[in-house]
Amino acid sequence: LAAGSSSGSIDMELLKEREIHRSRLQGGQLLGEGAFGHVVKATLTQPETDDVVVAVKKLKDNEDQQARQALLRETCIMLLCGNHDNVLKLKGICFRDGPLQLVLEYAEHGSLLHLLWTLRAESKLNRTVLVNKRHIFENMMVEVCCGLEHLASRRLVHRDIAARNILICGKGTAKIADFGLARDMYAVGYHRQDGGKDLLPLKWMAPEGLKNEARFTHKSDVWSFGVLLWEVAQLGRTPYPGMEGADRLYDALQNHFRLPRPQLCTDERYQLMLQCWKFNEKTRPDATTVRQQLEADPNGFF
Ligand code: ADE
């Protein structure tokens with residue numbers, strides 16, 4: 001067995017405390033589909049208070065023990081996350097009498113990536129929309145930094161910070177979601193799972209994660225945050241178009257190649273991205289420093 005192929009432990013007592021009986025859920029519309037499962041919108045009835053709208057994450061194939069274990073591990077990580085306004089909340093879990101289901105806070109506006117695509121379409125018709133909405137996106141990036149600071153304080157590394165994994169709630173609050181790849185920093189090993197190579201978010205990964213030993217720290221999340229800043233400035237375009245493969249990407253980064261400066265951001269904002277993409281993670285800023293720089297320069301996009 002490869003060391004670290006199942007990092008993070010499953011605490012059944014913790015899960016039992018947060019059990020939700022599936023009869024309290026009424027499922028509806030499909031919200032999204034991922035590699036291992038899908039997410040539907042649902043209503044959760046509560047004994048003492050009003051019903052709430054939630055998002056329910058279900059496994060595609062519940063017979064797959066490996067996927068079930070992975071989702072249980074994800075659940076324990078989310079429970080370890082504690083409470084923070086910029087981290088998507090896990091309300092509970094259904095694990096008895098049927099397939100495993102995570103009951104999550106519902107994000108009314110969906111993913112930041114979709115929001116960026118909508119903005120790109122709108123801006124083709126009317127350029128002023130960008131300047132008018134700038135502060136919303138500046139604010140979201142500060143919020144993501146706050147979420148990252150919280151995760152770092154809990155010694156958690158997310159490993160998949162990207163616009164697709166930032167969800168936007170009703171009041172426009174940005175929340176870090178999808179802990180499918182998140183690992184406790186102190187869990188054993190960070191080796192790539194066998195055959196899992198293609199599922200990893202290579203274009204968001206820091207060089208130390210792309211290398212064979214696949215190391216991840218909170219500074220790797222800062223690298224990915226830099227790519228997220230780039231996605232915002234590029235209105236949701238995919239980074240490194242046409243460049244595929246971990247080895248190719250790693251070689252390019254080692255040879256000082258970086259994502260080019262987007263047209264829709266200031267030099268200062270691009271400098272901040274380049275700071276996040278320092279090859280040596282020790283010289284990268286932490287999330288707090290990045291947040292302070294964003295707050296000091298709130299007109300960096302568009
Ligand atoms: N898509 C995936 N997760 C979601 C959530 N929690 N809320 C809304 N849409 C989602």
Side-chain angles (χ1 to χ4, degrees), residues 1 4-85 87-108 110-111 147 150-151 154-160 164-165 167 169-170 175-184 186-188 193-196 199:
L1 260 176
S5 62
S6 55
S7 58
S9 58
I10 298 170
D11 180 346
M12 283 313 289
E13 289 309 310
L14 187 65
L15 293 174
K16 279 179 193 156
E17 272 172 38
R18 302 296 286 269
E19 184 177 10
I20 288 179
H21 202 274
R22 61 190 83 240
S23 63
R24 289 176 56 202
L25 286 167
Q26 253 175 24
Q29 181 198 340
L30 184 71
L31 293 172
E33 230 167 338
F36 301 110
H38 58 273
V39 183
V40 296
K41 189 174 173 178
T43 306
L44 173 68
T45 56
Q46 311 202 96
E48 318 253 292
T49 50
D50 288 346
D51 296 354
V52 279
V53 178
V54 292
V56 179
K57 186 168 180 175
K58 299 182 188 187
L59 279 187
K60 258 184 200 149
D61 174 10
N62 205 52
E63 298 305 302
D64 182 346
Q65 279 303 314
Q66 223 175 342
R68 190 179 160 101
Q69 298 286 307
L71 198 62
L72 283 174
R73 222 174 293 124
E74 178 179 348
T75 308
C76 290
I77 290 166
M78 286 185 79
L79 293 173
L80 286 175
C81 272
N83 240 345
H84 191 278
D85 212 30
V87 177
L88 197 80
K89 275 185 202 39
L90 175 66
K91 291 182 175 284
I93 178 168
C94 312
F95 56 84
R96 248 186 278 228
D97 311 325
L100 208 55
Q101 297 186 344
L102 298 193
V103 182
L104 301 160
E105 187 177 2
Y106 175 65
E108 196 177 320
S111 82
H150 174 75
L151 294 181
R154 297 277 176 139
R155 301 185 190 285
L156 288 167
V157 181
H158 186 281
R159 308 210 316 186
D160 199 5
R164 62 183 171 272
N165 287 332
L167 295 182
C169 286
K175 312 234 174 194
I176 298 175
D178 208 326
F179 287 74
L181 289 172
R183 293 285 181 278
D184 191 306
Y186 292 153
V188 275
Q193 293 187 16
D194 290 344
L199 292 175

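Just so you know, these numbers use all the heavy atoms, side chains as well, and skip hydrogens, waters and symmetry mates.
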* Asked: Between Leu151 and Cys81, what is the shortest heavy-atom contact and its length?
  -> CD2-SG, 3.6 Å
* For the residue pair Leu90 and Leu102, establish whether any side-chain heavy-atom pair is separated by less than 4.5 Å. => yes
* To do: Work out which heavy atom in Cys169 is nearest to a heavy atom in Tyr106; give both atom names and the distance.
  => SG-O, 3.9 Å
* Structure fact -> Shortest non-hydrogen pair, Ala55 vs Leu31, comes out as CB-CD1, 4.1 Å
* **Selection residues 91-105 - residue pairs positive for side chain to side chain donor-acceptor pair (under 3.5 Å), sequence neighbours left out** => Glu19-Arg96, Glu105-Lys175
* Is there side-chain contact between Lys89 and Asn83, with at least one heavy-atom pair below 4.5 Å? -> yes
* **Any donor-acceptor pair under 3.5 Å from Asn165 side chain to Asp160 backbone** => yes
* Does the Arg73 side chain pair with the main chain of Arg68, one donor and one acceptor, at a distance under 3.5 Å? -> no
* Return the minimal non-hydrogen interatomic distance between Cys76 and Asp11, and the atom names on each side. => SG-N, 3.4 Å
* Closest non-hydrogen atom pair, Leu167 against Ala107 -> CB-CB, 3.6 Å
* Locate the shortest heavy-atom distance separating Phe95 from Leu100; write the atom from each residue and the value. => CB-CD1, 3.4 Å
* If we only count heavy atoms from C-beta on, is the Thr75 to Ile10 side-chain gap below 4.5 Å? -> no
* Asked: Is a donor on one side and an acceptor on the other found under 3.5 Å between the side chain of His150 and the backbone of Gly82?
  -> no
* Asked: Under 3.5 Å, side chain of His158 to main-chain N/O of Asp178, donor-acceptor pair present?
  -> yes
* To do: Would you please name every residue forming a side chain to side chain contact (heavy atoms under 4.5 Å, CB included) with Arg18, sequence neighbours left out?
  => Leu79
* Asked: Going by heavy atoms in the side chains, are Val56 and Leu104 under 4.5 Å from each other?
  -> no
List the atom pairs, with distances to 0.1 Å, where a side-chain N or O of residues 39-46 and a protein N or O form a donor-acceptor pair under 3.5 Å, not counting sequence neighbours.
{"residue": "Thr45", "atom": "OG1", "partner": "Arg24", "partner atom": "O", "Å": "3.3"}
{"residue": "Gln46", "atom": "NE2", "partner": "Thr49", "partner atom": "OG1", "Å": "3.0"}
{"residue": "Gln46", "atom": "NE2", "partner": "Asp50", "partner atom": "O", "Å": "3.0"}

